[in-house]
Every structure is written in structure tokens, then in C-alpha cells.
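To keep things clear, I will list the structure first and then write my remarks on it.
Because the structure is predicted, anything quoted here is derived from the model rather than measured.
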Amino acid sequence: MLAAGFAGAGVCLAPAVMAAPVNVSGDIVKVRLGGDATQTRIVIELDRAVDAKVVTRDSETAQQIIALPDVEMGKALSGTGMGLIADWKVENIAGSTRLKLNFKGQGKIHRRFLLPPADGISVYRYVVDIVPGNADTSVDKPSPVPVIAAPASGKTQMAAAATRDKKVIVIDAGHGGKDPGALGGNSYEKDVNLAAAKALKASLEKTGRYTVIMTRETDAFVDLPARVRIARNANADLFISLHSDAGGSGDTRGASIYTLSDSGTERAAKKALVKGDWSLPDMPQSDAVVSRILIDLTQRATKNRSATFAQLVMDHISASTPLLKTNLRQAGLFVLLAPDVPAVLLEMGFVNNKEDEAMLSDPRHREVMMGQVARAIDVYFANEVRYASFAGLP
């Protein structure tokens with residue numbers, strides 16, 4: 001449900017071309033198109049979140065229709081397409097708002113996701129990527145071309161990114177040492193988590209784009225405050241904690257991901273106000289009101305980035321890994337509390353489920369799954385740069 005630009009594109013685009021946006025109808029703020037005959041994106045900007053569903057068959061290559069539940073329409077919106085889209089229309093049919101896409105020749109939906117409001121962007125963005133009907137989408141690559149104009153605050157991100165060559169990723173293998181975590185039929189969670197963390201580290205380092213820091217690289221016990229401290233001391237750009245779930249009779253299986261809940265946000269703010277490991281670098285020493293405002297602003301941006309990354313991870317690993325029905329979750333977990341480091345906790349599957357345990361213990365599956373997480377990280381940062389690069393566009 002939840003980064004921007006062309007995310008997870010299977011093919012690259014030519015220099016960006018943008019269609020003139022169509023504006024405002026009920027909950028719909030704007031409709032934008034971009035791309036070309038190799039990949040085309042349509043973006044619906046909304047005043048509210050939406051859990052959209054494709055109502056046509058995947059095999060339909062002449063058109064696709066997507067239902068937008070609970071989205072209120074004013075007048076119907078329509079327009080000529082570009083790239084692979086011949087034309088499009090958003091209308092209310094029998095009380096349901098629907099997006100109808102007619103393709104030039106054959107096309108198919110490659111990816112669709114919802115982006116939450118982010119720094120300087122006040123709307124939700126429902127994004128649909130279209131590729132040719134015969135395109136190979138088995139390998140995702142971040143595209144270098146933007147479609148959506150960026151907020152002015154993106155310039156600040158670009159300046160910050162220029163101060164160091166590589167993004168810093170902290171990988172946290174959950175549990176360890178005297179804390180074994182959950183017990184599977186043939187394995188301890190702590191061992192599964194560490195093996196996955198090492199696979200992700202190898203996948204990221206292979207790209208040459210990241211500095212990777214592990215909270216533990218052996219079967220060692222590291223307490224929760226120390227894990228967060230490692231991320232903050234490293235000025236991490238992203239923190240990902242790897243875990244394996246357990247529960248019930250062992251019948252439940254599937255991956256899920258956690259971001260910080262509202263209760264956790266309040267807990268993190270209180271910790272930041274008492275300084276120590278949690279204080280923000282530029283926090284005033286005396287003005288409590290100003291300090292809290294700064295913390296709230298920082299946390300809001302961090303939560304948005306975390307939610308964006310969480311959705312990207314789920315989108316990418318779904319190709320190889322079963323997901324829980326409700327796989328995007330929130331909790332006040334300690335390792336997610338840093339107010340200024342985007343963070344997620346990925347439950348890779350249920351270690352007390354035979355099928356999940358077999359997958360999690362298989363080096364080949366770990367390599368594939370962590371490779372998909374690495375690609376999600378690529379897309380996450382590629383989008384961040386594209387927003388910055390096009391900060392001046394209308």
C-alpha cells in the first residue's frame with residue numbers, strides 16, 4: 001500500500017516525458033502520466049489512502065480496470081494516454097470509483113503501490129506501472145527516470161546525500177547469544193536471522209553502493225538499546241531488523257513487516273527529550289516546546305520513509321515468499337524507536353511452520369529473498385535521488 005519515481009521497474013525508460021496533469025475531482029487531487037513505449041506510469045494523487053484492487057483478469061492485455069474503494073468522485077476524469085496507454089478514465093460505476101486503462105497494442109500491469117504523504121508532499125499517490133504485454137518482469141531494476149515532480153525539500157536531501165559517497169545500511173540480526181528467539185522444528189530463530197543478515201550484507205556489498213554495518217556478526221547477545229545506538233552513531237540512512245515469527249499450532253505461515261506505531265512514536269519522543277542516545281543533533285538545550293516540535297517533525301518524516309520502504313520490501317519479496325494476509329503492521333518495538341533513522345522489522349516467515357522453516361533454512365531461498373530486499377533498498381534510494389533531482393518541477 002505504500003516511494004516515488006519509477007519504483008522496481010523491470011526495464012529502463014528514455015529521458016522523462018510528462019503529460020499535463022488532470023486536476024481535482026472529489027478525493028482525487030490530480031492524475032499524472034509519464035514514460036514511453038517501454039514503460040508507462042500513471043499516478044493518481046488522492047486526499048486519502050486507498051486499498052485498490054484489479055477487477056480484470058491478468059491475461060487481459062487490451063485494457064485493465066482497477067477499483068478504488070471508498071474514493072469519492074466529483075465529475076468523471078479522462079484523458080489521452082501516452083507511451084503504452086492509449087487513453088484512461090476515472091469514473092463512478094454503480095457506486096464504485098474505477099480507473100480504466102486502455103492500452104496501445106498489448107500491455108500489462110507490472111507494479112502498483114500506494115505512497116503515503118512524505119516530506120513536503122501532502123497527498124497519497126496511487127502508482128500503476130504498465131509494461132508491454134510480452135515484457136519479462138522477472139528481474140526488477142530501479143529505473144533512473146522520474147515521472148512525479150518533487151517537493152522543494154528534496155534539494156535538502158540532495159545536498160545531504162552529496163556529503164558522503166555511500167548510503168549507510170544497518171542490518172540487525174534479531175536475538176543472539178543467550179537469547180535464542182523462537183524455536184523451530186530444527187533451528188533457532190537467532191541462527192536463521194543471522195544467516196539471512198549475512199546474505200543481505202553480501203547482496204548489498206556486491207553493488208558497491210552501500211556501507212553495511214551489522215549489529216552482530218556472530219552468535220552474540222546484543223541488547224536492544226545497543227542495536228539502536230549502533231544505527232544512530234553510524235548516522236544510518238536505513239535500519240532493517242531481521243526476525244522469524246512463531247505462534248499458534250504451527251499452521252500459520254508468511255512474512256510480515258513492522259513500522260513504528262503511534263504509541264511507539266510517543267515513547268521515542270519522550271526518550272529524545274531526555275537526550276542521551278536519543279537526542280537530536282540540533283535540538284535546543286532549553287526550549288522544551290521547540291524541542292518537541294523538532295522531534296515531531298523529524299519523526300513524521302522518518303515514519304513516512306519507513307512506511308514507504310516497508311511497502312517496497314513486501315512488493316519485492318512477494319515474488320518468492322508467502323505473505324501474511326495482513327503483512328503491513330505497526331508496533332512500538334524498541335528497535336524501531338530511533339526518531340531520525342527510517343527503520344523496519346521484517347518477520348521473514350514462521351520458524352515453527354514446517355514449510356516456512358524449510359524455506360528460511362535453505363541458502364538458495366535466503367539468497368533470493370535477501371536479493372529482493374536489496375533491490376527494494378536500491379529502489380528506495382533511487383526514488384529519493386530522483387525527487388531531489390527534479391525538485392524544481394511544477
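- Looking only at distances, no side-chain donor or acceptor of Arg112 sits under 3.5 Å from a matching main-chain atom of Ile109.
- With Thr40 contributing its side chain and Leu84 its backbone, the two residues share a donor-acceptor pair below 3.5 Å.
- The backbone N or O of Asp315 lies less than 3.5 Å from a partner atom in the side chain of Ser318, making a donor-acceptor pair.
- You'll find the side chain of Arg98 reaches within 4.5 Å of the side chain of Val55, heavy atoms only.
- Atom CG of residue Leu324 and atom CZ of residue Phe350 lie 5.0 Å apart, to the nearest 0.5 angstrom.
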Criterion side chain to side chain contact (heavy atoms under 4.5 Å, CB included) on Ile213 and Ile171, from CA distance to verdict:
CA-CA 6 Å; Ile213 297 171; Ile171 305 172; over 6 Å; no

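- Ring geometry for His243 versus His175: interplanar angle over 60°, hence perpendicular rather than tilted (30 to 60°).
- Side-chain contact between Pro342 and Tyr380 is present, with at least one heavy-atom pair separated by less than 4.5 Å.
- Judged by distance alone, the side chain of Arg216 and the main-chain N or O of Thr218 form a donor-acceptor pair under 3.5 Å.
- The closest donor-acceptor contact from the side chain of Arg229 to the backbone of Leu224 lies at 3.5 Å or more, if one exists at all.
- Side chains of Asn352 and Leu183 form no contact here, defined as non-hydrogen atoms less than 4.5 Å apart.
- Within 6.0 Å of NZ on Lys100 lie no more than 12 heavy atoms contributed by other residues, nucleotides or ligands.
- Nearest approach of Ile66 to Ala52, heavy atoms of both residues: CG2-CB, 3.8 Å.
- Side-chain contact between Val379 and His316 is present, with heavy atoms from C-beta onward closer than 4.5 Å.
- If you take CG on Asp172 and CD1 on Ile240, they are separated by 10.0 Å, rounding to the nearest 0.5 Å.
- A 6.0 Å sphere centred on CG of Asn186 holds no more than 12 heavy atoms belonging to other residues, nucleotides or ligands.
- A heavy-atom distance below 4.5 Å is not found between the side chains of Lys167 and Leu238.
- A distance of 11.5 Å separates CG of Asp70 from CG of Leu46, quoted to the nearest 0.5 Å.
- The distance from the CD1 atom of Ile42 to the CG atom of Leu33 is 4.5 Å, given to the nearest 0.5 Å.
- Closest approach of Leu101 and Val128 over heavy atoms only: CD1-CG1, 4.3 Å.
- Between Glu347 and Ser244, the side chains place no donor N or O within less than 3.5 Å of an acceptor N or O (distance only, hydrogens not considered).
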Are Ser187 and Glu357 close enough, and set up right, to give a side chain to side chain donor-acceptor pair (under 3.5 Å), and what steps lead you there?
CA-CA 8 Å; Ser187 57; Glu357 184 183 24; 2.7 Å; yes

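- Nearest heavy-atom pair, Val50 versus Val71, reported as atom, atom and distance to 0.1 Å: CG2-CG2, 3.8 Å.
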Test side chain to side chain contact (heavy atoms under 4.5 Å, CB included) on Ile317 and Val373; report intermediate values, then the result.
CA-CA 7 Å; Ile317 70 171; Val373 174; 3.8 Å; yes

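- Among all heavy-atom pairs drawn from Leu346 and Met369, the shortest one is CD2-CE, 4.4 Å.
- Every residue was checked against the side chain to side chain contact (heavy atoms under 4.5 Å, CB included) condition with Lys206, not counting sequence neighbours, and none meets it.
- Scanning both residues, Thr80 and Trp88, for their nearest heavy atoms gives O-NE1, 3.6 Å.
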With side chain to side chain contact (heavy atoms under 4.5 Å, CB included) as the criterion, how do Met82 and Lys104 come out once you've worked through the C-alpha distance, each side chain's angles and the decisive distance to 0.1 Å?
CA-CA 9 Å; Met82 64 182 307; Lys104 297 176 184 176; 5.6 Å; no

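- Between the CD atom in Glu72 and the CG atom in Asp47 there is a gap of 10.5 Å [rounded to 0.5 Å].
- Under the 4.0 Å criterion applied to side-chain N and carboxylate O atoms, Glu45 and Arg32 are assigned as salt-bridge partners.
- A donor-acceptor contact closer than 3.5 angstrom is absent between the side chains of Ser256 and Asn327.
- Rounding to the nearest 0.5 angstrom, the gap separating the CG atom in Leu328 from the OH atom in Tyr258 is 11.0 Å.
- Gln64 places a side-chain N or O within 3.5 Å of a backbone atom of Glu60 that can act as its donor or acceptor partner.
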Give the C-alpha distance, both sets of side-chain angles, the deciding distance and a yes or no for side chain to side chain contact (heavy atoms under 4.5 Å, CB included) between Gln39 and Ile130.
CA-CA 6 Å; Gln39 181 164 307; Ile130 306 299; over 6 Å; no

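- Looking at Thr321 and Met348, their side chains never come closer than 4.5 Å, going by heavy atoms from C-beta outward.
- At least one donor-acceptor pair under 3.5 Å links the side chain of Lys108 to the backbone N or O of Ala135.
- Tyr188 OH: 12 or fewer foreign heavy atoms inside a 6.0 Å radius.
- With a 4.5 Å cut-off on side-chain heavy atoms, Phe381 and Tyr210 count as touching.
- Asp378 has a carboxylate O that lies under 4.0 Å from a charged side-chain N of Arg209, or vice versa, which qualifies the two as a salt bridge.
- Listed for the Asp237 side chain is a donor-acceptor partner under 3.5 Å among the backbone atoms of Val168.
- No donor-acceptor distance shorter than 3.5 angstrom exists from the side chain of Thr97 to the backbone of Glu91, with no hydrogens or angles considered.
- For the residue pair Ser320 and Gln372, a side-chain donor N or O sits within less than 3.5 Å of a side-chain acceptor on the partner.
- In this structure a side-chain-to-backbone donor-acceptor pair under 3.5 Å is missing from Ser203 to Ala374.
- Residues Ile230 and Leu260 are members of one and the same hydrophobic cluster, defined by side-chain heavy-atom contacts under 4.5 angstrom among Ile, Leu, Val, Met, Phe, Trp and Tyr.
- Contact between Ala37 and Pro132 at its shortest, heavy atoms only, is O-CG, 3.7 Å.
- A salt bridge is absent between Arg111 and Asp129; no separation between the charged side-chain nitrogens and carboxylate oxygens falls under 4.0 Å.
- Looking only at atom types and distance, the side chain of Asn353 has no donor-acceptor partner in the side chain of Thr252 under 3.5 Å away.
- No side-chain heavy atom of Ile169 sits less than 4.5 Å from a side-chain heavy atom of Thr211.
- Applying the salt bridge (Lys or Arg N to Asp or Glu O under 4.0 Å) test to residues at least two apart or on different chains, the pairs with a partner in residues 174-197 are Lys190-Asp219.
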